[in-house]
Amino acid sequence: MNLFEVRKELDSLRISAEELTKYYLDRIEKYNKKINAYITVCDKTALSDAKKAQKLINEGKSGMFTGIPFSVKDNICTKGIKTTCASKMLEDFIPFYDATVVEKLKKDTAIILGKTNMDEFAMGSSTETSYYGTVKNPYDLTRVSGGSSGGAAASVSAKMCLGALGSDTGGSIPQPASYCGVVGLKPTYGTVSRWGLIAFASSFDQIGICANSAIDSAYILNGICGVDDKDETTSNKADKDYSSKIGMDIKGLKIGIPKEFFTDRIDKSVRENVMGAIKFFESSGCEIIECSVPSLEYAISAYYLISSAEASSNLSRYDGIRFGHRSDMGDDFNSLIINSRTEGFGNEVKRRIMLGNYALSSKYYDEYYNKALKICGQIKKEYAKIFELCDIIITPTAPSVAKKTDQKTDIVSSYLGDICTVPVNIAGLGAISVTCGYGEGNMPVGMTLVCKPYDESTIIAVCDFFENNFTKKEATAYEI
Amino acid sequence: MKYKTVIGLEIHCELLTKSKIFCSCKNEFGKKPNTNVCPVCMGMPGTLPSINKEALNLAARAGFATDCKVNKCCEFERKNYFYPDLPKAYQITQLKHPICQNGYVELANKKRVRINRIQIEEDAGKLVHDEDGYSSLADYNRCGVPLIEIVTEPDMRSADEVLEFVEEIALLMKYADVCDTKMEEGSLRVDVNISISPVNSDKLGTRAEIKNLNSFKSIARAIEYETERQSKILDEGGEVNQETRRFDEKSAKTYAMRSKEQAQDYRYFTEPDILSVIFSDLDLENIKNSLPKMPRKRYKEYINFGLNDYEAKLIVKSRDFSDFYDDAVKENGYFKEICNVMLGEVNRYLNEFSKSISEVKFTPQDITKTVQMVNDGLITKNAQKEIIKHLFLEGGNPEEIANKCGFVIKEDLNEVQKTVSEVIFNNKHLVEEYLNGNQKIFGFFMGETVKKLGKNTNPKTVRDILLRELEG
Amino acid sequence: MFNSDLIKYLTALSKISFTENEEENITKQMHDIIALMDKVKAFNDDVCVSSHESIKYENLREDTINNDYNTKEAISNAKCIEDNYVVVPKII
């Protein structure tokens with residue numbers, strides 16, 4: 001059932017908002033212990049909000065989201081609800097303001113079930129950096145859910161909500177979505193307000209969606225997008241109906257396949273599944289065009305330099321003074337903040353801050369930060385060039401399926417694992433990941449459809465077309 | 001050895017906006033702690049800056065007022081450092097692409113002090129020292145108050161030049177409605193960069209930066225002390241450290257805060273949360289045209305009106321006062337007469353009642369009217385003074401006041417004629433002396449006649465008739 | 001190249017401290033990470049200019065006052081408060 005169908009069920013009073021919320025809260029109660037998708041569950045407020053929603057429904061005043069249960073990633077500020085960023089630093093942080101996206105959900109009387117687990121400050125791609133432990137994959141509890149929006153993806157995959165708000169900086173939505181077999185939509189930079197999203201790397205951060213289907217992601221994006229006076233980087237090009245192209249004829253659609261994404265650094269089973277999907281599009285009348293992102297080899301380094309540089313500055317405000325972990329040790333300002341930060345941040349966060357300060361320090365600025373900026377400019381250009389010839393681009397979402405939780409990965413290899421998603425963030429483009437097959441261990445394999453700036457409605461429609469011709473396997477591992 | 005002093009300034013001005021620079025909190029501080037704060041200026045997680053258009057407008061006005069080039073595109077950068085009054089641990093400021101560049105201000109001796117740049121930035125909070133001596137108390141009300149920083153070239157050579165320049169900048173900023181320039185309240189703060197070098201040397205000496213001077217007196221004393229300190233070091237064959245120093249008002253000395261070796265690495269980079277701001281040609285034209293007539297132009301006009309340097313400067317010193325004067329002379333001129341009244345009576349009462357010209361109960365036209373009445377021989381100058389006092393205390397219409405108080409000269413020519421004849425008759429012996437060339441006698445005749453006629457006598461009429469009678 | 005001086009410089013900038021053991025570890029890790037980052041040095045940037053998005057002056061926020069927050073909320077997450085001030089240990 002998609003969101004629109006659930007809406008009809010609610011509005012026709014065949015199911016009540018309270019029943020629906022209760023159903024999901026029960027599932028969370030039952031399965032979250034195994035999966036660890038939620039850091040905070042808002043059972044009391046969710047039920048009382050469901051009552052309010054039902055009243056509106058009864059009065060015939062429901063909106064698109066009235067009574068629909070959502071999960072929200074724990075780096076998106078929720079007034080009165082703990083927002084931890086999965087960090088000890090913000091273990092007891094309770095914002096007194098709502099993120100713009102949360103404000104929008106609340107305005108439409110959506111139900112917020114809870115806050116989802118993630119990598120600490122969204123730095124990571126497996127949720128293994130979370131202070132609250134790793135999120136398990138609903139397809140195989142011995143595997144990771146991916147990250148950083150691992151909790152968001154798993155909450156949808158394990159049916160612990162109907163839709164999830166996540167955030168993406170370098171693939172943090174598509175990657176866990178592909179691992180958990182759900183749809184992950186990362187909109188063009190500027191589509192959704194970042195106000196209230198706790199910043200990691202301001203130039204790349206964008207709020208996105210994990211959902212059961214492309215059409216659901218369109219409905220949710222419709223509800224959260226738009227210009228926000230509080231975020232100057234939001235664009236007026238974004239206001240429109242993202243479901244408008246669903247059902248369009250994809251014959252003649254030009255699909256770019258950048259060759260650098262299909263080399264042997266991508267697992268064979270992943271390549272095969274994605275190529276299979278591309279064949280399907282070809283047989284459906286699409287034109288397949290081989291293309292190239294020549295500077296891809298620089299993307300990882302450039303991304304890590306810029307994102308860490310921005311993070312080092314964005315995370316400087318965590319000094320234990322106005323909010324966050326305040327060390328018991330430290331008699332003077334300097335030692336108090338050093339102790340608070342040393343105790344409050346995990347290792348990955350510390351490494352990124354160190355790397356960022358390295359890249360920005362006066363001695364290395366030109367060599368690293370400045371150079372990385374130029375690489376980003378070049379990659380942007382290369383994508384623009386592809387889009388002169390192609391309507392969309394298809395790549396794998398990740399080089400492999402979800403790894404085992406006990407599989408140790410060294411830091412550099414884990415950074416390199418972001419290769420498929422990072423360029424999209426560098427170019428600020430929109431992307432949607434959808435399951436296109438099953439690979440090693442019968443785990444879902446995702447492909448990513450990348451669109452021209454603000455053209456999400458096209459990839460959503462193409463994704464919807466694909467879903468209609470693909471048999472999905474449900475995640476059931478956690479139910480046993 | 002003889003040294004020359006080289007001085008450049010960084011002047012911070014708080015902008016007169018209603019709201020703060022990156023959030024909609026009221027631009028006001030100094031009241032109860034942490035009352036004008038919100039998640040943005042408190043630097044809470046997840047918040048973003050949203051630039052205040054008016055701050056850009058005022059900064060551009062400051063640029064036009066100082067003959068700067070106002071750039072069509074400007075960018076913001078983060079300056080990263082930890083300090084308890086800086087919630088985000090970075091200050092949003094401008095570095096590579098400031099809003100204004102390459103301006104100048106001309107001093108009285110025609111020397112131009114060049115302005116390198118004007119940049120926009122945010123102010124930090126305030127720390128109060130706790131009684132326990134171990135901690136500070138942070139009040140974030142001032143966080144996000146919009147500032148401009150005016151950076152000059154090292155073009156000044158003495159404390160006098162510095163004071164004149166700062167005074168001129170303060171005046172320009174007031175005229176342009178950019179800043180109220182109240183140094184005692186910290187809305188205008190000066191950092192002095194000062195170095196000395198042997199008189200005949202072309203090389204600049206190593207400079208010290210003295211931070212946050214907030215009175216003319218402190219500026220002068222800090223420069224004086226610093227010049228002596230550095231001279232002494234060089235005389236003794238030492239080297240001046242490049243360092244930041246603070247000025248202690250009590251001892252009138254400067255003290256080192258941190259040296260260049262300890263200089264911070266600010267890790268500047270383009271603020272990703274704020275886009276480059278683009279002005280259209282029309283935007284800039286509109287801003288430029290909205291500036292009032294500036295003091296230098298007014299001064300020149302006043303000299304052309306026939307005022308002297310002292311008078312012209314005094315009027316120009318306050319924009320409201322100058323506007324009032326301009327308004328008063330608009331219709332009929334009377335440049336000198338109105339100037340005299342305004343710098344005399346009007347100023348006297350302003351001081352007496354500690355009021356500003358914008359708070360008085362009368363209009364420029366009222367002042368013009370009193371001058372006109374004197375010139376037309378309708379009232380005496382003494383009566384004019386009385387009327388102005390009346391205007392100050394109660395306001396009203398000058399003509400009505402003159403009528404009501406009996407200040408209007410009664411022009412009974414017969415009576416004047418009669419009185420003049422009487423006076424001449426009674427002092428016949430003096431007429432000859434007068435006709436022989438003793439001009440003082442005329443004054444005596446005038447005085448006697450006026451005394452007899454009373455205070456509302458029009459001296460001009462008396463003079464005319466006396467002359468006719470004596471010489472005709 | 002990635003020596004302990006550099007680590008000390010970066011920890012000072014970052015306001016983070018490491019124990020001796022940790023420092024040894026992080027030095028090694030940073031060394032590997034920087035080696036990956038060094039990749040950017042090979043990029044030929046002759047023709048490239050980085051671009052920053054722009055906004056028109058007329059579209060900036062109007063200068064109006066609007067504050068929905070009170071002092072109590074603003075300092076609600078601070079651990080140490082005195083008379084509505086936030087307490088900060090002295091700078092030495």
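Order of the sequence lines sets the chain letters (A, B, ...), proteins ahead of strands, with each chain counted from 1.
By the 6.0 Å contact criterion, CZ on B:Arg142 is enclosed, its count of non-hydrogen atoms from other residues, nucleotides or ligands being greater than 12. Atom NZ of B:Lys53 sits in a crowded spot, with more than 12 heavy atoms from other residues, nucleotides or ligands closer than 6.0 Å. Environment of CG in A:Asp229: sparse, with no more than 12 heavy atoms of neighbouring residues, nucleotides or ligands closer than 6.0 Å.
For chain B, the nearby part of A:Ile337 is the side chain; its heavy atoms alone come within less than 4.5 Å. Using a 4.5 Å cut-off between heavy atoms, B:Asp273 touches chain A through backbone and side chain atoms alike. For chain B, the nearby part of A:Ile321 is the side chain; its heavy atoms alone come within less than 4.5 Å. Only the backbone of B:Tyr268 comes within contact range of chain A, judged by heavy atoms closer than 4.5 Å. Contact of A:Asn314 with chain B is made through backbone and side chain together, with heavy-atom distances under 4.5 Å.
Taking chain A as the reference chain and counting heavy-atom pairs below 4.5 Å, the highest number among B:Thr270, B:Leu275, B:Leu86, B:Val40 is found for B:Leu275. Interface remark: of the candidates A:Arg322, A:Lys230, A:Glu310, A:Arg194, A:Arg322 forms the most heavy-atom pairs closer than 4.5 Å to chain B. Comparing B:Gly46, B:Ser136, B:Ser135 by heavy-atom pairs within less than 4.5 Å of chain A, the highest count is held by B:Gly46. In terms of heavy-atom pairs under 4.5 Å with chain A, the best-connected choice from B:Ser50, B:Ala89, B:Pro272 is B:Pro272. Chosen from A:Ser203, A:Ser313, A:Ala359, A:Ala199, the residue pairing most often with chain B at heavy-atom distances under 4.5 Å is A:Ser313.
Within the model, atoms OG1 of A:Thr234 and CG of B:Leu48 stand 9.5 Å from one another, a figure rounded to the nearest 0.5 Å. B:Lys88 contributes atom NZ, which lies 14.5 Å from atom CG of A:Leu315 (distance to the nearest 0.5 angstrom). The CD1 atom of B:Ile274 lies 10.5 Å from the OG1 atom of A:Thr233; values are rounded to the nearest 0.5 Å. In this structure, CG on B:Asn80 lies 7.0 Å from CG on A:Leu360, to the nearest 0.5 angstrom. Within the model, atoms OH of B:Tyr134 and CG of A:Asp331 stand 9.0 Å from one another, a figure rounded to the nearest 0.5 Å.
The heavy-atom pair separating B:Tyr83 from A:Phe333 by the smallest distance is C-CZ, 3.7 Å. Summarising the geometry of B:Pro39 relative to A:Tyr97, their closest heavy-atom pair is CG-CD2, 3.4 Å, with the distance given to 0.1 Å.
A heavy-atom distance below 4.5 Å is not found between the side chains of B:Met44 and A:Pro95. Residues A:Ser202 and B:Arg78 have side chains in contact (heavy-atom distance under 4.5 Å, counting atoms from C-beta outward).
Counted by atom type alone, B:Tyr90 and A:Arg317 present one or more donor-acceptor pairs between their side chains at under 3.5 Å. If you check the side chains of A:Ser361 and B:Asp265, you find no donor sitting under 3.5 Å from an acceptor.
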Note to self: As a quick check of understanding, evaluate side chain to side chain contact (heavy atoms under 4.5 Å, CB included) for A:Phe323 and B:Met42, giving each step before the final call.
What the structure shows: CA-CA 10 Å; A:Phe323 49 80; B:Met42 288 280 287; over 6 Å; no
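The backbone N or O of B:Pro49 sits nowhere less than 3.5 Å from a side-chain atom of A:Glu232 that would complete a donor-acceptor pair. Judged purely by atom type and a 3.5 angstrom limit, B:Arg267 has no side-chain atom pairing as donor or acceptor with the backbone of A:Ser362.
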